[in-house]
There are 2 protein chains.
Amino acid sequence: MEKPKFEFDCRTCLYRWENFKTLTEEQLQLLCNHRYEASFKPGEIIFKKGSPTSSVIFLVSGMAKVFLEGLDGKSIIISIAKPGMMISGPGTYGDMRHHFTLTSLTDVKACFIDMTVMKQLVHLNSAFAEGLISDISNKSLLMYYKLVGLTQKKMPGRLADAILYLANQIYETDEFDLILNRQELGDFTNMAKESVIRILKDFEEDGLIESNCSRIKILDKPKLQMISENG
Amino acid sequence: MEKPKFEFDCRTCLYRWENFKTLTEEQLQLLCNHRYEASFKPGEIIFKKGSPTSSVIFLVSGMAKVFLEGLDGKSIIISIAKPGMMISGPGTYGDMRHHFTLTSLTDVKACFIDMTVMKQLVHLNSAFAEGLISDISNKSLLMYYKLVGLTQKKMPGRLADAILYLANQIYETDEFDLILNRQELGDFTNMAKESVIRILKDFEEDGLIESNCSRIKILDKPKLQMISENG
DNA sequence: TTAAAATGATGACATTTATCATTATTTTGA
DNA sequence: TCAAAATAATGATAAATGTCATCATTTTAA
């Protein structure tokens, strides 16, 4: 009986990131020899803005929030991380410092891959390098659209965006138990928690959603999309 | 007498981007064989959001504004481009479309380098690839800080940021003839042009700057920095 | 199970900032 | 050089949104 080259977790975890498929068996082995796992309880800091980065991170299971720590203790949630995404800040190829904080929202199992290995793979495999550039570019692109949304849309448009993002990108269903509280929803949409509550109520009264506390159900997606587009 | 390998413009223009210094003579030659130049008058579109990207751009001379076209015809100026910076959107390694527009602010001479050559260089030279990743990462980092500034600072803080950016990064002097008009200053700071005018006047009354029309002179930089930091 | 803590909800009010109308100034081009 | 166009300046007003105080509900942990 042949011994499997990699343990179960490694394969499933890593292979969810498309770009690892460009690697040869040997290169994948190199990667697996330099990976570490850690577990986190909800609300724990996985890495903190300002701390040194020496690895990129993949979630094996669970969800986390990626957020900028802004002025006066206010936060801006950039995105919700779930398994299969590479989480690496712009500091990874710059000043080697984290520029945002990653905090678990649920129980999280995370896989850390040493940056020196990532850089080695960039040298060894140009398809991998190109995939990495592509990944970073796409994240940058999302930031552009986030910037437009947060600065130019009014509150209902921003909140509609958030709900659609959660339904389409994160939960992949139109009814879900929200892991973000109202404050965090505010951090994601750049509004006060009170405003989140008020507009969520408006949406409910207009028959766009059904919401009681953490449960949200989208009732009229086309209308929600219209609000998102018209700001 | 030996014939120089590259014409004057190529060397000076390209070498201003640090990352081209990683190339061998042969690789630089390859690059120079696939570059094109074009001239633009003030206000002309160099490339437009939505159009296909097949090259990255370097300004040989002049300045241009990089801006997102947002909702209702409103713009967000991301940065001012000047010689030595690579201008390539996140679409270059993604959907091959531009996601922002580049417009000349002065007479501009621009140098276009074919993307296929850039990708070839990524394959041939891993130091170049790493430099490219680093460049893209740094731009992404600027976007993070732009997002925090535009969403969390109040108008005086945002305008102070803009003036300091222009003085430190663009003009590299504390007295300069602004090439942006009030509307564009508003597009850069996410405020209405009337608000720009009012706060600029406040700054002048408080002795922070001297400003008549396009000329701006910073009188009290530390105070301006304080306003920038405190939002 | 129950008290404490956290989160959610609501209304009154204040602040920030945009919009609109109008006038002044500067720039541009015949 | 001068009229037209573009840009800048100003004031009044309105809209969007945050803040604060308070109370209700839900969750947590002893």
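Throughout, protein chains are lettered first and strands after them, A, B, ... in sequence-line order, and every chain is numbered starting at 1. The structure presented is a predicted model; accordingly, all values stated were derived computationally and were not measured.
- Rounded to a whole Å, the CG atom of A:Asn212 is 14 Å from the C1' atom of D:dT27.
- Side-chain contact between B:Lys221 and B:Asp174: present, with at least one pair of heavy atoms (C-beta onward) separated by less than 4.5 Å.
- The aromatic rings of A:Tyr145 and B:His99 stand perpendicular to each other, their planes meeting at an angle above 60°, with 30° marking the opposite boundary.
- Atom CD of B:Gln183 and atom P of D:dA8 are 9 Å apart (whole Å).
- Taking a 4.0 Å limit (strictly below) on heavy-atom distances, residues 149-167 of chain A reaches DNA chain D at A:Lys154, A:Met155, A:Arg158.
- The aromatic ring centres of A:Tyr171 and A:Tyr165 sit 6.0 Å or more apart.
- For A:Arg182, the side-chain atoms get nearest to C:dG8 when compared with the rest of D:dT10, D:dA8, C:dG8.
- Side-chain polar atoms of B:Glu172 and B:Asn168 form no donor-acceptor pair below 3.5 angstrom.
- For the pair B:Thr151 and B:Leu147, the minimum side-chain heavy-atom distance is below 4.5 Å.
- Remark: P of C:dT10 and CG of A:Leu200 are 11 Å apart, rounded to the nearest angstrom.
- DNA chain C is contacted by A:Glu194, A:Ile197, A:Arg198 of residues 189-199 of chain A, taking any non-hydrogen atom closer than 4.0 Å.
- In this structure, CD of A:Glu204 is placed 13 Å from C1' of C:dG8, rounded to the nearest angstrom.
- Between B:Phe100 and B:His98, the ring-plane angle classifies as tilted under the 30° and 60° cut-offs.
- The nearest whole Å value for the distance from the CG atom in A:Asp72 to the P atom in D:dG18 is 14 Å.
- Side-chain contact check for B:Ser55 and B:Asp114: no donor-acceptor pair (N or O, by modelled atom type) lies under 3.5 Å.
- Between the side chains of B:Glu69 and B:Thr101, at least one donor N or O sits under 3.5 Å from an acceptor N or O.
- Between the CZ atom of A:Arg215 and the P atom of D:dT27 there is a distance of 13 Å, given to the nearest Å.
- Look at CD1 on A:Ile216: it is 11 Å from P on C:dG8, rounded to the nearest Å.
- Atom P of nucleotide D:dA16 and atom CG of A:Asp202 are separated by 12 Å, given to the nearest angstrom.
- In summary, the side chains of A:Asn230 and A:Lys154 do not present any donor paired with an acceptor at a separation below 3.5 Å, with no hydrogens or angles considered.
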